[in-house]
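Report on the structure given below.
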Amino acid sequence: MEVVQVKTEKQLKECFAVRIKVFVEEQQVPTDLEMDEYDASPESCRHFLIQNEEGEAVAAARWRMYDDRTAKLQRIAVLAPYRGHGLGRLIIQAMEEDIKAQGVPAVILDGQVQAEPFYRKLGYEVISEEPFLDAGIWHVRMRKAL
């Protein structure tokens, strides 16, 4: 499976389908909190997608600039049957490479507390003083220098 940067409305809608299934249906995040202005078009931020061998979307994520020296990874989602097979790592690494290519030296993300060990394995460190609620789910802010 290969990570692709989203260029079309069709690909963007496939990202939304993955996110709706993971965040809205599984985790009960309200749709109006899940979707935002960065979802308006493929150009609104950098969206990424992984499709299986049949061409079905199985993972999605996006990144945007947080400040002039930091990118922020967001909406990292892998469909349940595909978890534990390295797709989260794959999509994050693709985004990090894209961010590095833009000359951005650091990345942050707000990771769900239960995913903190996963992000730590990828080199992220917690920088928030304590966990915080986002969409009713406990998160920690994490950072990685590229």
Side-chain angles (χ1 to χ4, degrees), residues 1-52 54-99 102 104 106-144 146:
M1 289 187 250
E2 183 181 359
V3 181
V4 296
Q5 184 183 341
V6 171
K7 300 286 189 196
T8 68
E9 288 291 330
K10 180 183 180 294
Q11 290 172 324
L12 188 59
K13 284 183 179 17
E14 291 173 355
C15 288
F16 298 162
V18 170
R19 288 171 39 195
I20 295 293
K21 196 172 270 315
V22 171
F23 297 123
V24 176
E25 294 174 13
E26 284 181 34
Q27 299 182 354
Q28 305 300 303
V29 172
T31 305
D32 63 325
L33 293 181
E34 173 53 29
M35 308 303 287
D36 63 21
E37 68 271 20
Y38 300 107
D39 295 321
S41 73
E43 296 79 32
S44 298
C45 71
R46 308 278 272 207
H47 292 269
F48 288 77
L49 178 66
I50 298 178
Q51 297 169 315
N52 66 13
E54 290 81 42
E56 299 165 330
V58 298
R62 70 182 196 191
W63 74 267
R64 64 177 179 84
M65 290 304 295
Y66 180 71
D67 62 31
D68 61 345
R69 300 187 45 78
T70 312
K72 186 174 186 185
L73 305 186
Q74 298 180 304
R75 308 305 200 270
I76 301 162
V78 178
L79 294 181
Y82 294 88
R83 291 179 196 148
H85 299 286
L87 298 186
R89 178 183 42 76
L90 190 65
I91 204 164
I92 288 170
Q93 287 173 336
M95 289 192 294
E96 288 174 351
E97 288 170 21
D98 188 45
I99 292 163
Q102 311 296 318
V104 180
V107 180
I108 62 169
L109 60 82
D110 293 339
Q112 294 182 10
V113 170
Q114 81 271 4
E116 181 185 334
F118 166 74
Y119 293 119
R120 280 189 184 279
K121 284 184 201 167
L122 298 177
Y124 288 81
E125 295 180 6
V126 174
I127 59 169
S128 53
E129 302 237 345
E130 52 188 59
F132 57 92
L133 279 174
D134 184 9
I137 300 168
W138 289 101
H139 286 71
V140 289
R141 175 149 297 169
M142 303 184 81
R143 182 181 189 281
K144 179 179 180 179
L146 297 179

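The first residue of the sequence shown is numbered 1, and numbering continues consecutively from there. Side chains are part of it too, since the values below use all heavy atoms of this structure and drop only hydrogens, waters and symmetry mates.
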Those residues that, when tested against [X], pass salt bridge (Lys or Arg N to Asp or Glu O under 4.0 Å) (two or more places apart):
| X | value |
| --- | --- |
| E125 | none |
| E34 | R19, R75 |
| R46 | D98 |
| D134 | none |

remark   = When rounded to the nearest 0.5 Å, the distance separating CG of L109 from CD1 of I127 is 9.0 Å
Side chain to side chain, [X] and [Y], heavy atoms closer than 4.5 Å:
| X | Y | answer |
| --- | --- | --- |
| H47 | D39 | yes |
| L79 | V22 | yes |
| L146 | V104 | no |
| L33 | F23 | no |

task = Would you please classify the geometry between the Y119 ring and the Y124 ring as parallel, tilted or perpendicular, with 30° and 60° separating the classes?
result =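 Answer is perpendicular, since the angle exceeds 60°.
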remark   = The side chain to side chain donor-acceptor pair (under 3.5 Å) partners of R83 (sequence neighbours excluded) come to E26
Side chain to side chain donor-acceptor pair (under 3.5 Å) partners for T31, two or more places apart =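 Counting only residues at least two positions away or on another chain, T31 forms no side chain to side chain donor-acceptor pair (under 3.5 Å).
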query = Any ion pair linking R62 and D36 (charged N to carboxylate O, less than 4.0 Å)?
reply = yes
